[in-house]
J.: 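First, the structure itself, so that you have it in front of you.
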Amino acid sequence: MTTKKKIILLVILLVLVSLVAVISQTYAKYRTTTTGTASATIARWNIKVNDNTIKNNTTLTENIKVTFPGNEYMAPNVVAPTAEGYFDIVIDATEVDVSFDYTIQITENENVKDFIVSGYSIGTNGTKQQVNGAITNTIAYDAANKEQTIRVYLTWVDSDPDQTMDNAEDTQVTIDLENINLNVSLSFVQKA
């Protein structure tokens, strides 16, 4: 073979290799492998009652303060027949990302049967409503105000037809007892 033929054959071979390379790049299958992670934000559930988080506390005894404003015949912050008072429960849901229902159950005192829960209101200036068993409400995750104050009203009924204690029993209980206790139970359930 002559050199000229060898050069032509070499050029043809180079052109073919170049052509194969260009064609293979054009019609190549792309293959790439990559990895990643899927992430989601977990909803917060940090309800506070009277400035204390519920996730670490099972009792709130020292955080519920009963106020008896008194009147012209009775000193403030004492309990006696006809006394009227209240306590506030402030539920703060600013660090909660889900809607939930709350239930407040109040067990009246067994020793002073005429000391009753006479009503409640949502907000300190809200309309007083009757308590029919438990106090229930919902706080939505997207509520404009995620802090609710529930004011619970207490009364020592003395002249009501529903009273169960007479004057002698009223007098005796004030001698026997130093404090009147009410059990307040709160429960919170996420809405599904």
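In this chain, numbering begins with 1 at the start of the sequence shown.
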J.: Work out which heavy atom in Tyr73 is nearest to a heavy atom in Asn71; give both atom names and the distance.
T.: N-OD1, 2.7 Å

J.: Which heavy atom of Val152 sits nearest to which heavy atom of Val117, and what is that distance?
T.: CG1-CG1, 3.7 Å

J.: Any salt bridge between Lys146 and Asp92, counting N to O under 4.0 Å?
T.: no

J.: Between Thr149 and Asp88, do the side chains contain a donor N or O and an acceptor N or O under 3.5 Å apart?
T.: no

J.: For the residue pair Tyr102 and Asn137, establish whether any side-chain heavy-atom pair is separated by less than 4.5 Å.
T.: yes

J.: Less than 6.0 angstrom from the centroid, inside 45 degrees of the normal: does Lys128 satisfy that with respect to the ring of Tyr120?
T.: no

J.: Going hydrophobic residue to hydrophobic residue with side-chain gaps under 4.5 angstrom, can you get from Ile54 over to Ile91?
T.: yes

J.: Nearest 0.5 Å, please: how far is CD1 in Ile139 from CZ in Phe100?
T.: 4.0 Å

J.: Give the cluster check for Leu154 versus Leu186: same hydrophobic cluster or not, with ILVMFWY residues linked at side-chain heavy-atom distances below 4.5 Å.
T.: yes

J.: Taking atom CG of Asn183 and atom CD1 of Ile106, what is their separation to the nearest 0.5 Å?
T.: 10.5 Å

J.: So does Asp142 have more than 12 non-hydrogen atoms from other groups sitting under 6.0 Å from CG?
T.: yes

J.: Which distance, rounded to the nearest 0.5 Å, do you find between the OG of Ser121 and the CD of Gln129?
T.: 8.0 Å

J.: So, do Ile12 and Leu16 sit near enough that their side-chain heavy atoms are less than 4.5 Å apart?
T.: yes

J.: Distance from Thr94 atom OG1 to Ile47 atom CD1, nearest 0.5 Å?
T.: 10.5 Å

J.: Between Ser99 and Tyr141, is there a donor-acceptor pair closer than 3.5 Å when you use the side chain of the first and the backbone of the second?
T.: yes

J.: Side-chain contact, heavy-atom cut-off 4.5 Å: Val49 with Ile89?
T.: yes

J.: What's the spacing between Met74 CE and Trp156 CH2 if we round to 0.5 Å?
T.: 9.5 Å

J.: Could you give the distance from OG1 (Thr67) to NZ (Lys65), rounded to the nearest 0.5 Å?
T.: 10.0 Å

J.: So, for Val78 and Ala83, which heavy atoms are closest and what is the spacing to 0.1 Å?
T.: O-CB, 4.1 Å

J.: Please step through ring-ring contact (aromatic ring centres under 6.0 Å, His included) for the pair Trp45 and Phe188, ending with a clear verdict.
T.: CA-CA 10 Å; Trp45 182 258; Phe188 304 93; 7.2 Å; no

J.: Check for a donor-acceptor pair, side chain of Asp101 on one end and backbone N or O of Val189 on the other, with a separation under 3.5 Å.
T.: no

J.: Do the charged groups of Glu95 and Lys48 touch, with an N to O distance under 4.0 Å?
T.: yes

J.: Between Gln105 and Ala134, what is the shortest heavy-atom contact and its length?
T.: OE1-CB, 3.1 Å

